[in-house]
Colleague: 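Please find one structure pasted underneath; my questions will follow.
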Amino acid sequence: NQESKTKRIGNTAKILGHFQKYLKWGYYPTFTLGEPYDIFREKLVNVVDKVIFEDISSFYSLKTDNLDALKKILYFFSTSTPGSINVNKLAKNLQKDHTTVAGYLQMLKDTGLLRFLLTSGHGHAVVRNAEKMYLDNTNLLYAINETVGKKTLTGVLRELFVIQSLENAGLKVFYSKTGDVACEGNIFEIGGKSKGDRQIRKTSHAYLVKDDILFGARNTIPLYLFGFLS
């Protein structure tokens, strides 16, 4: 029923501007404090450090050099395209073995800092079943990228928003070879307002998810609408 919903919601004044702000600054309830973004970002990065150097440290009894590796992995994921990550290559760069790094990735997922996009509906949320890996949410992605002086990748941002919105609504999301993600028998191809449907044209129950548009159509859904799922 997205066409009728966007006819109503899409007329909200400055909704796309509000949406862009949400991607950067609205995921956590602390945005209601009305603090400047720089303070919000600093607090968020401090929370990440606390999770790694206090929570993970005490729960898994890891040494400091291992905790540093966890932080490097998280920062690496924030600045990379999800499909380009190779665990073996990552292990080599960190001078750790594959099993150790796979364990670190699982820790970051279990503590809510990473999301795994799995290859099928039959596997558990473990590294070997993950086709792509993302930071947990778009605010975290922005915060870490700005901390290291990197530009947030728009394609990653859009994919992550759709995945976090679907999963936070209690739905299971998987990697799709046809589009970007699959959910509940539907395929979603995600992009900007000029994105074409060539890749999904011959696929049933397939939809284009477009950024920077206000209103939907038969097989086109505005990106911002996914934010209303949860």
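Because the structure is a prediction, the values reported are computed rather than measured.
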Colleague: Would you name the heavy atoms of Leu62 and Asn66 that are closest together and state the gap between them?
Modeller: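 The answer is CB-CB, 4.2 Å.
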
Colleague: Counting distance only, does the side-chain N/O of Glu131 pair as donor-acceptor with the main-chain N or O of Phe174 below 3.5 Å?
Modeller: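 A pair under 3.5 Å: no.
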
Colleague: Could you measure the distance from the CG atom of Asn88 to the CG atom of Asp97? Nearest 0.5 Å is fine.
Modeller: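 Reported value, rounded in 0.5 Å steps: 10.5 Å.
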
Colleague: Write down the atom of Met133, the atom of Pro82, and the distance for their closest heavy-atom approach.
Modeller: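 Closest pair (atom of Met133, atom of Pro82, distance): O-CB, 3.4 Å.
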
Colleague: Donor-acceptor pair, Ser78 side chain versus Ile144 backbone, under 3.5 Å?
Modeller: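 Pair absent, no side-chain N/O of Ser78 close to backbone of Ile144.
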
Colleague: Return the CZ to CG distance between Phe161 and Asp211, rounded to the nearest 0.5 Å.
Modeller: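 One finds 9.5 Å between CZ of Phe161 and CG of Asp211.
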
Colleague: Give a yes/no verdict on a cation-pi contact between Lys96 and Tyr104, requiring under 6.0 Å between NZ or CZ and the six-membered ring centre and an angle within 45° of the axis.
Modeller: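 Judged by the rule (NZ or CZ under 6.0 Å from the ring centre, within 45° of its axis), Lys96 is not positioned above Tyr104.
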
Colleague: How many angstroms lie between atom CG of Leu135 and atom OG1 of Thr79, to the nearest 0.5 angstrom?
Modeller: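 The OG1 atom of Thr79 is 9.5 Å from CG of Leu135, to the nearest 0.5 Å.
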
Colleague: Taking the side chain from Thr81 and the backbone from Gly83, do they hold a donor-acceptor pair closer than 3.5 Å?
Modeller: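 No; judged by distance alone, with no hydrogens or angles, the pair does not exist.
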
Colleague: Measure from the side-chain N and O atoms of Tyr134 to the backbone N and O of Val156, and report whether any donor-acceptor pair falls under 3.5 Å.
Modeller: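 Not confirmed, Tyr134 side chain does not pair with Val156 backbone.
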
Colleague: Out of Leu74, Leu108, Thr111, which one pairs with Val51 under the side-chain contact (heavy atoms from CB on, under 4.5 Å) rule?
Modeller: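 Of the listed options, the one satisfying the test is Thr111.
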
Colleague: Backbone N or O of Leu23 within a donor-acceptor pair of the Thr138 side chain at under 3.5 Å?
Modeller: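 Side chain of Thr138 to backbone of Leu23, a donor-acceptor pair under 3.5 Å: yes, one is there.
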
Colleague: Determine whether a donor-acceptor pair (N or O, by modelled atom type, separation under 3.5 Å) exists between the side chain of Lys150 and the backbone of Asn145.
Modeller: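 Checked: no pair found.
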
Colleague: Can any side-chain N or O of Glu146 pair as donor or acceptor with the backbone N or O of Lys151 at less than 3.5 Å?
Modeller: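 Looks like no, no N/O pair under 3.5 Å.
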
Colleague: What verdict does the salt bridge (Lys or Arg N to Asp or Glu O under 4.0 Å) test give for Asp68 and Lys71, after you've listed the backbone C-alpha separation in whole Å, the side-chain angles of each residue and the deciding distance to 0.1 Å?
Modeller: CA-CA 5 Å; Asp68 287 336; Lys71 186 173 180 178; over 6 Å; no

Colleague: Is a side-chain donor or acceptor of Thr220 paired with a backbone partner of Ala217 at a separation under 3.5 angstrom?
Modeller: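 No; judged by distance alone, with no hydrogens or angles, the pair does not exist.
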
Colleague: Checking Asn139 side chain against Gly26 main chain: does a donor-acceptor pair fall under 3.5 Å?
Modeller: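 Yes: the side chain of Asn139 pairs with the backbone of Gly26.
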
Colleague: Under a 3.5 Å distance rule, please check whether Ser80 uses its side chain to pair with a backbone N or O of Phe77 as donor and acceptor.
Modeller: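 No, Ser80 side chain to Phe77 backbone: no donor-acceptor pair under 3.5 Å.
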
Colleague: Give the C-alpha distance, both sets of side-chain angles, the deciding distance and a yes or no for side chain to side chain contact (heavy atoms under 4.5 Å, CB included) between Gln2 and Tyr207.
Modeller: CA-CA 11 Å; Gln2 57 98 5; Tyr207 302 87; 5.6 Å; no

